[in-house]
Amino acid sequence: MTAPEIRVRFAPSPTGYLHVGGARTALFNWLYARQLGGVFLLRIEDTDKARSTDESTRAIFDGLNWLGLHWDETVVYQGSPEHLARHQSDARSLLDRGLAYRCFCTAAELDERRKEADARKTAFKYDRRCDRLAPEDISRRVADGMPFTVRFRVPEGTISWDDIVHDTISFPDKDIEDFVILRSDATPIYNLAVVSDDIAMRISHVMRGDDHISNTPKQILLYHALGAALPRFAHFPMIHGMDGKKLSKRHGATAVADYEHQGILPQAMNNFLALMGWSPGGDREVMTMPEMLELFSEKGLLRKAAVFDTKKLEWMNGQHLSRLTGDDLVNAVAPAFVRAGLFASLDSVEEVKPWFVGVLDDCKERARTTDQLVGLTELFFPGHVVTIDAESAKKNWPDRAVAADLIRASRDRLATLEPWEDKAIETALKTLATERGVGTSPLFQMIRVAVTGKSVGISVTHTIFRLGKVVTLQNIDGALQWLAQGPPA
RNA sequence: GGCGGUAUCGUCUAGGGGACUAGGACACGGCCCUCUCAAGGCUGGAACACGGGUUCGAAUCCCGUUACCGCUACCA
């Protein structure tokens with residue numbers, strides 16, 4: 001006997017970019033499927049043509065691919081004609097079997113009644129008046145071409161299911177109104193389209209955000225009415241902004257693409273997202289994708305909404321960056337270097353890979369994002385022109401004449417230094433500091449700014465070593481000129 | 001308003017009746033290391049929402065209250 005096939009799906013509506021909440025949901029589905037040898041599908045819920053755009057669909061693909069959350073089979077477009085036809089025939093079938101009925105109430109009328117109920121401070125629930133229409137009355141209205149929606153008749157009883165993250169959840173049917181499944185233009189409403197598609201796609205586990213909990217009883221009713229077996233349901237907690245409110249544009253970056261552009265690594269993003277609503281237990285935090293795949297379990301799924309803290313995301317990114325080595329490191333950061341114009345293309349990275357890996361290894365621990373890594377390493381690129389940062393100059397060269405004198409002296413020592421090694425460079429510079437009666441700290445900082453233009457970076461002696469004698473001297477000469485003449489106009 | 005969900009440091013979380021004087025991480029402060037910035041090490045402050053039960057014993061189980069979130073559309 002073989003276990004039933006596991007088929008899960010991520011079903012976003014293409015009405016914006018791929019936001020972090022959606023990405024987290026996609027990640028959990030992907031993790032679940034990949035771990036259990038199941039299938040991970042992508043369905044674009046574009047039945048709301050007015051709000052859906054191709055651009056958004058594109059953004060969803062891009063975001064998922066960037067995160068490495070590749071889907072199986074072909075993408076399902078919910079609003080495509082073939083699926084639309086099935087939604088309609090499912091509605092038709094419910095109508096024919098007396099499980100749904102035509103409602104001739106107009107949107108305006110419904111609105112009016114809702115307002116009245118509101119004024120009386122009572123809960124509005126559709127009163128089923130159209131379900132009491134005489135058969136001949138209905139036929140006459142249909143014959144007259146009167147527009148109607150199709151409503152599902154909610155039976156009496158209680159709906160409950162065993163949610164993977166919440167355990168048992170139940171809803172009394174009396175609190176659910178006869179909901180619309182087909183609009184008057186014959187297009188399907190969300191709940192019908194979802195159930196119809198999930199049945200057709202043979203989805204075994206419906207895993208989504210817990211904002212769908214109250215849709216679930218309606219959908220279960222539809223599964224029963226359509227004679228299909230129920231999938232298992234899992235509802236993941238929401239992701240909120242630092243103010244505890246649902247994450248929105250007000251909170252700054254909410255699209256995964258924003259983080260990609262800020263120099264966040266996809267593996268760090270996945271790691272951080274996974275921890276919003278899941279925990280491997282114990283103190284484990286930093287994990288690679290393969291590790292998460294191994295550790296992921298429905299037992300560790302959490303119920304509480306999580307607040308998205310970008311500070312921790314950055315910290316985590318730094319952890320991932322520091323742990324990467326060799327080719328993995330190069331592959332992870334190369335796109336950022338191409339974007340920064342340091343490499344013409346990914347191919348040109350290949351040509352100098354050993355050198356590049358060396359530079360990266362020297363700097364990676366000091367960077368939290370790939371953008372910072374670019375800033376730390378750019379001066380080692382051939383042809384890099386140093387620009388003296390005004391703030392750094394002001395702070396580390398308080399007296400220009402003194403600075404120039406010390407820097408010139410350092411230049412002289414370095415010019416004749418043999419051999420060109422970290423230790424020798426350090427000794428030479430420290431000796432100079434002692435001879436001149438200045439602290440190593442201020443002297444090293446003076447030299448740092450002279451050689452790199454900045455006040456922060458990796459070890460000064462190692463920077464000088466890596467730059468080589470020619471470039472180091474060149475940079476120092478540039479700094480001396482700057483000191484003599486002031487910044488170039 | 002109705003219905004549903006949730007509740008441990010500011011934040012992410014560990015914990016699932018006794019091992020809790022509640023652990024780790026981010027953030028914040030101090031110290032160490034140190035040529036800067038990171039990283040790393042040490043360290044400080046910081047939480048079981050409240051009230052009732054059940055029990056010899058509750059952060060853990062039950063009930064209520066409160067707060068927050070979600071749904072309550074011919075949106076998804």
- request: Specify whether A:His235 and A:His166 have parallel, tilted or perpendicular ring planes, treating 30° as the upper limit for parallel and 60° as the lower limit for perpendicular.
  value: tilted

message: Below the 4.0 Å mark, does B:A76 have OP1 or OP2 next to a side-chain nitrogen or oxygen of A:Gln219?
response: no

- prompt: With both distances kept under 3.5 Å, what pairs with B:A73, Watson-Crick or G-U wobble?
  reply: none

field: Under 3.5 Å on both distances, the Watson-Crick or G-U partner of B:G18
entry: B:C56

query: Any N or O donor-acceptor pair linking the side chain of A:Ser184 to the base of B:C74 at under 3.5 Å?
result: yes

- prompt: According to a strict under-4.0 Å criterion, is A:Arg368 in side-chain N/O contact with OP1 or OP2 of B:C26?
  reply: no

- request: Test for a donor-acceptor pair under 3.5 Å between the base of B:C35 and the side chain of A:Ser459, counting only N and O atoms.
  value: yes

message: Could you tell me how far B:C48 sits from B:U65 if I compare only their P atoms? Round to whole Å.
response: 23 Å

message: Tell me whether A:Arg208 forms a cation-pi arrangement with A:Phe236, defined as NZ or CZ under 6.0 Å from the six-membered ring centre and within 45 degrees of its axis.
response: no

- prompt: With distance as the sole criterion, do the side chain of A:Lys312 and the base of B:A25 form a donor-acceptor contact below 3.5 Å?
  reply: yes

field: Same-atom distance (P) from B:C28 to B:C69, integer angstrom
entry: 28 Å

message: Restricting to non-hydrogen atoms, name the atom on A:Ala23 and the atom on A:Leu67 that form the minimum distance, rounded to 0.1 Å.
response: CB-CD1, 3.8 Å

- request: Answer with base, sugar-phosphate or nothing: what part of the nucleic acid does A:His166 contact at a heavy-atom distance below 4.0 Å?
  value: sugar-phosphate

message: To check you understand the geometry: which heavy-atom pair defines the closest contact between A:Thr369 and A:Gln262, and what is its length?
response: CB-O, 3.6 Å

message: Between A:Leu182 and A:Val165, which residue's closest nucleotide on RNA chain B lies nearer the 5′ terminus?
response: A:Val165

statement: Taken to the nearest whole Å, CE/A:Met276 to C1'/B:U6 is 15 Å

- prompt: With distance as the sole criterion, is a donor-acceptor pair present between the side chains of A:Thr254 and A:Tyr17 under 3.5 Å?
  reply: yes

message: Partner lookup for B:C42, please. Criteria are Watson-Crick or G-U wobble with both distances under 3.5 angstrom; report none if nothing qualifies.
response: B:G30

B:A76 base / A:Asn215 side chain donor-acceptor hit below 3.5 Å: yes

query: When you compare B:A46 with B:G23, how far apart are their P atoms, in angstrom units rounded to a whole number?
result: 12 Å

task: Scan every strand shown for a Watson-Crick or G-U wobble partner of B:C9, both distances under 3.5 Å, and answer none if you come up empty.
output: none

Paired nucleotide for B:G64 [Watson-Crick or G-U wobble; both distances under 3.5 Å]: B:C50

- request: Ignoring hydrogens and angles, answer whether the base of B:U72 and the side-chain atoms of A:Arg114 contain a donor-acceptor pair closer than 3.5 Å.
  value: no

- request: Tell me whether the OP1 or OP2 atom of B:G2 has a side-chain N or O from A:Thr122 closer than 4.0 Å.
  value: no

